[in-house]
Amino acid sequence: MSNIPHMFHSKKLSIYSQMTIDLKNYPFLKSVKNENQANVKIFSSPNNKFIININNNKELLPMEKLPVFLDHLNQTINSRQITNLRKKEAFQNLKFPAKRKIINNFVKNFSTTYQDIIKELIKSEKLDDIPKKLSKLDDLKSYSSFIMLTQHKGRSNASVSDFENKKQKTYYLSSSSFNSIFKAIKKSKSNAFLNQKAISEELRIVGNFLGHAISLNKLSIILIVSRNDLIAPSLKEMNIFSDFVNQLDMAFSYIENKNSLLLDTKIFLEIFKKIGYSMEIETPEEETLTNTQDQTYFSQTYSPPWSFLILKYSAEENSFLSPDIFHYHRIRLLGELFNILKHELSNPILGINMVLDILRNDEAFKESKELLDEVKLASSRAQNILNNMTNLFIKDQDKREIYVKDILDTLTAILKSELRLIKYSFDISEEHQNIKLDTNISSIIQILFNLIYNAIHELKNKKESKNLYLKTQADKSFFSFIIEDTASGLPLNIKENLFKPFYTNKESGNGLGLSLSKNLALKNGGDLVLEKSDSSGTIFKLLIPLNNEENSCH
Amino acid sequence: MKKILVIEDEVLILKSLELIFKSKGFEVETTTMGQTGLDMIINQDFDLIITDLMLNDLSGFDILEGSLKKYSRLEVSQKFILMSAYHSEQILEKAESYNCKFLRKPFENIQKTSEEIIIKLNNGK
C-alpha cells in the first residue's frame with residue numbers, strides 16, 4: 001500500500017512485538033477494517049525508531065489517533081492488568097514493592113504528558129502553551145523560567161513565549177539573535193548549559209539552564225528552562241527535560257511525516273528501565289489470543305495489549321526479533337530445574353554407590369558379589385544419565401570441548417524412549433567418535449536433539465520404513481552430522497519458510513525449533529542446511545567448525 | 001583414639017562414611033541434623049568434623065559460624081572438611097574463605113577420598 005513508509009519494507013526492520021487487539025475497545029480503528037480484531041505489530045528499525053502497524057502491513061494507525069490508542073493501551077495496563085496483578089501474591093511479594101508505584105506513575109505520566117503534547121501540537125495554534133505545560137511537571141517545580149522561542153522560516157523575527165513565575169509573556173527577538181542561540185544550543189551534546197552570557201542576556205535568565213533546539217521544515221524551536229540560580233541542574237531534572245523534549249521531537253516527526261508513526265526507542269527503554277526486571281504482566285483469562293500456537297507460551301510473551309516481557313528481553317539482549325529470546329527463557333528455566341534435579345538425585349545415588357562399595361569388599365557378602373556388581377552398574381548408569389542430561393543445559397557461553405562419542409551418548413540417553421518407536425542407526429566410525437569438537441556443547445546437543453526429535457515425530461506414525469540414520473562427515477574445516485529420515489518429506493510451504501520463526505506443521509509446536517537451531521549453528525561458526533526433502537525422506541546437515549590442530553581427520 | 005563427627009542428611013552416605021572410618025580404627029559419631037551436630041561440636045571434642053553444606057535444618061556454613069564460638073578460625077580450618085554436591089562459584093568461594101578442605105560430590109573414588117581424609121586427620125595434629 002502506498003501509505004506504508006518506505007522503512008516498512010526494509011529488510012532490516014524486525015518485529016519488536018506483536019499482539020491482537022479487540023477492535024471493540026478501539027472504535028476509531030473500526031473504520032480502518034471491517035473486522036472484529038486487528039493485528040498490531042510494533043517494528044523496530046535500525047535507526048532506533050519504532051513503527052506501529054495495524055493489520056498486517058495493510059493499514060497504518062491513523063496518526064491523529066495515536067494518543068487515543070496509547071491512552072487506551074495505558075489505561076488497560078493501568079486499570080485491569082495491574083489490578084489483576086495486585087491481587088496476586090506473586091506481585092505483592094515482589095522484592096521491590098515500590099515497583100508497583102513506579103509502574104502506575106510512569107504509565108500515568110507517560111500517557112498524560114505525551115498525549116497532551118501531541119494534542120497541543122496537533123492544534124498548532126496552541127503551541128505557545130508548551131512552556132506552561134513544562135512548568136507543570138512535578139520534577140521541574142523549582143524552575144521559574146520556561147521559555148519557548150519559535151522562528152518561522154522566512155520571517156524577520158522570532159517569537160518568544162516566556163512563562164515566568166506563572167505569568168505568560170510574549171515578545172519578539174531578532175532572527176540573528178535567535179540563530180546564534182539556536183546554534184549554541186544545537187552544538188551542545190547535553191541539554192545543560194552553564195551561565196552562557198549571550199543567551200542569558202537576550203532571554204533575561206540567570207545562571208544555569210537547560211535547553212533544547214528542534215529544527216523542522218518550516219519552523220525552528222528552542223526550549224529553555226531555568227531556575228535563575230547558579231545551582232547546576234540535577235541529573236533527574238536533566239532526564240525529565242530530555243524526556244520531554246524527546247517526546248516533543250517525536251511529536252513533530254509525526255506532524256512532518258504523516259505517514260509513519262515513529263516512536264523513539266528511548267521512551268520504550270525508559271519504560272522497562274522504570275518497570276525493572278521482575279515485572280511480568282499476566283494475561284487476564286478472558287483475553288484469549290487468536291494465535292493458537294502454544295497458548296501458555298504466548299500468554300507469557302505476548303501479553304496483550306502491551307507486551308512487557310518482550311520489552312524486558314530487548315533491554316537485556318538489545319536484539320529485537322530473535323528466536324533466541326524464547327530460547328533463553330525456556331532453556332534457563334529448564335537448566336535451573338535440571339540443576340536442582342541433578343544435585344538432589346546425585347546425593348542418594350552417591351549413597352547407594354558408597355554402600356555398594358563397602359558391601360562388595362565385605363567378605364560376609366562374598367556370595368552376593370555378582371548381584372552387588374549388577375546393582376553397582378545400574379547405579380553408575382543412573383549417575384551417567386544424570387550427567388548427560390545436564391550437558392544439555394550448560395550455560396550458553398560455556399564453550400567446551402567434547403568428544404563426538406560423548407555427544408552420541410548424551411543423545412541416546414535423552415532420546416532413549418523416543419528412539420524405541422522407530423528404527424534407527426547411528427553409524428559412526430570409531431575415528432570420528434574420537435574427534436574432539438571445540439564448540440558450545442549444549443547448543444550442538446540441542447540442535448541434534450531437535451532434528452532427531454522432529455524426525456521421530458514424522459516417522460512414528462508411519463506403518464513401515466520408519467528409519468532414521470545418523471552419519472558423520474569430516475573435512476578440513478567442518479565436522480558434520482547428517483540426519484536422514486525416511487518420512488514423507490516436508491510440505492512445500494514449510495520447506496520455503498523452513499528456517500523462519502513461527503512456521504510449524506505441528507499442532508503443539510511453536511515453529512521456533514529449526515530457526516533456532518539454524519541460529520545456534522551459525523552462532524557457533526557452523527551452519528544447518530537442508531540437503532534434501534522429497535517423498536522419500538529428508539536430510540539435514542549440521543556443520544560444526546573443526547579445530548584442525550587437535551584433530552587429524554580425512 | 002581419634003574421634004570424627006560426620007554431619008550428613010543422606011543416610012546412606014552417612015552410614016558408609018561411618019563404616020569406612022570405623023573400619024580404619026576411628027571413633028565415629030554421626031547425625032543427620034545440623035543443629036544436633038553443632039551442639040555436639042560445642043559440647044564434645046572432635047579431631048575431625050565432616051559436614052555436608054546442604055542440610056535440612058542448617059547449612060554447613062551455619063555450623064562453621066557456630067563453631068567459631070568454640071574454635072579459632074585456624075582451628076576451624078584444620079578441623080573441618082566440607083562436602084557438597086553444589087559447587088557453584090559462590091559456594092566454592094565461601095568455602096575457601098574458611099580455608100577448609102572441600103570435597104565435591106559425587107566422590108570420584110570413595111577409597112581415595114577416605115584416604116585423603118585420614119591423611120588430613122593424622123597430619124592435623
Side-chain angles (χ1 to χ4, degrees), chain A residues 331-366 368-369 371-391 393-400 406 413 442, chain B residues 4 6-26 28 30-34 50-60 81-92 94-95 102-118:
Chain A
I331 294 305
R332 211 171 66 186
L333 194 68
L334 273 175
E336 279 163 17
L337 287 174
F338 263 101
N339 211 18
I340 294 168
L341 194 65
K342 182 188 177 187
H343 290 120
E344 292 309 313
L345 283 181
S346 276
N347 253 356
I349 293 175
L350 174 64
I352 295 169
N353 269 333
M354 288 177 78
V355 173
L356 284 169
D357 279 348
I358 292 169
L359 298 181
R360 280 162 73 226
N361 293 321
D362 192 329
E363 284 297 308
F365 293 94
K366 212 177 171 186
S368 323
K369 183 146 192 321
L371 185 65
L372 289 170
D373 285 349
E374 287 293 326
V375 182
K376 170 82 182 171
L377 270 180
S379 78
S380 302
R381 204 168 68 229
Q383 181 67 55
N384 275 341
I385 290 171
L386 212 53
N387 291 343
N388 281 331
M389 286 286 229
T390 41
N391 258 350
F393 301 104
I394 296 165
K395 272 189 202 153
D396 266 13
Q397 58 268 38
D398 287 358
K399 217 174 172 187
R400 256 177 35 181
D406 294 330
S442 111
Chain B
I4 303 176
V6 185
I7 313 170
E8 160 70 61
D9 58 354
E10 179 59 49
V11 180
L12 287 182
I13 299 178
L14 187 72
K15 297 254 179 207
S16 303
L17 288 172
E18 184 182 4
L19 277 173
I20 291 170
F21 291 120
K22 276 191 175 156
S23 75
K24 307 272 179 188
F26 297 100
V28 186
T30 62
T31 174
T32 58
M33 302 302 289
I50 304 172
T51 180
D52 188 57
L53 286 181
M54 303 289 167
L55 300 161
N56 285 327
D57 55 345
L58 297 180
S59 86
I81 291 181
L82 309 175
M83 51 187 181
S84 179
Y86 290 85
H87 7 83
S88 71
E89 240 172 69
Q90 274 168 311
I91 286 181
L92 290 179
K94 197 160 181 196
F102 187 93
L103 298 176
R104 283 168 185 245
K105 285 182 186 174
F107 314 131
E108 271 179 24
N109 183 327
I110 292 148
Q111 207 57 41
K112 203 177 145 212
T113 306
S114 60
E115 275 163 22
E116 274 174 35
I117 295 173
I118 290 160

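Throughout, protein chains are lettered first and strands after them, A, B, ... in sequence-line order, and every chain is numbered starting at 1.
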Contact origin within A/D357 toward chain B - heavy atom pairs under 4.5 Å: side chain
Interatomic spacing from CG in A/L350 to CD in B/E8 - rounded to 0.5 Å: 8.0 Å
Heavy-atom side-chain proximity of B/L19 to A/M354 below 4.5 angstrom: no
Contacting region of A/I358 [heavy-atom separation from chain B under 4.5 Å]: side chain
Side-chain heavy atoms of A/N347 within contact of B/K105, under 4.5 Å: yes
Smallest separation among heavy atoms of B/S16 and A/G351, with atom names: OG-O, 4.1 Å
Heavy-atom neighbours of B/K15 NZ exceed 12 at 6.0 Å: no
Reported OG-to-CD distance for the pair A/S346 and B/E10, which is rounded to 0.5 angstrom: 10.5 Å
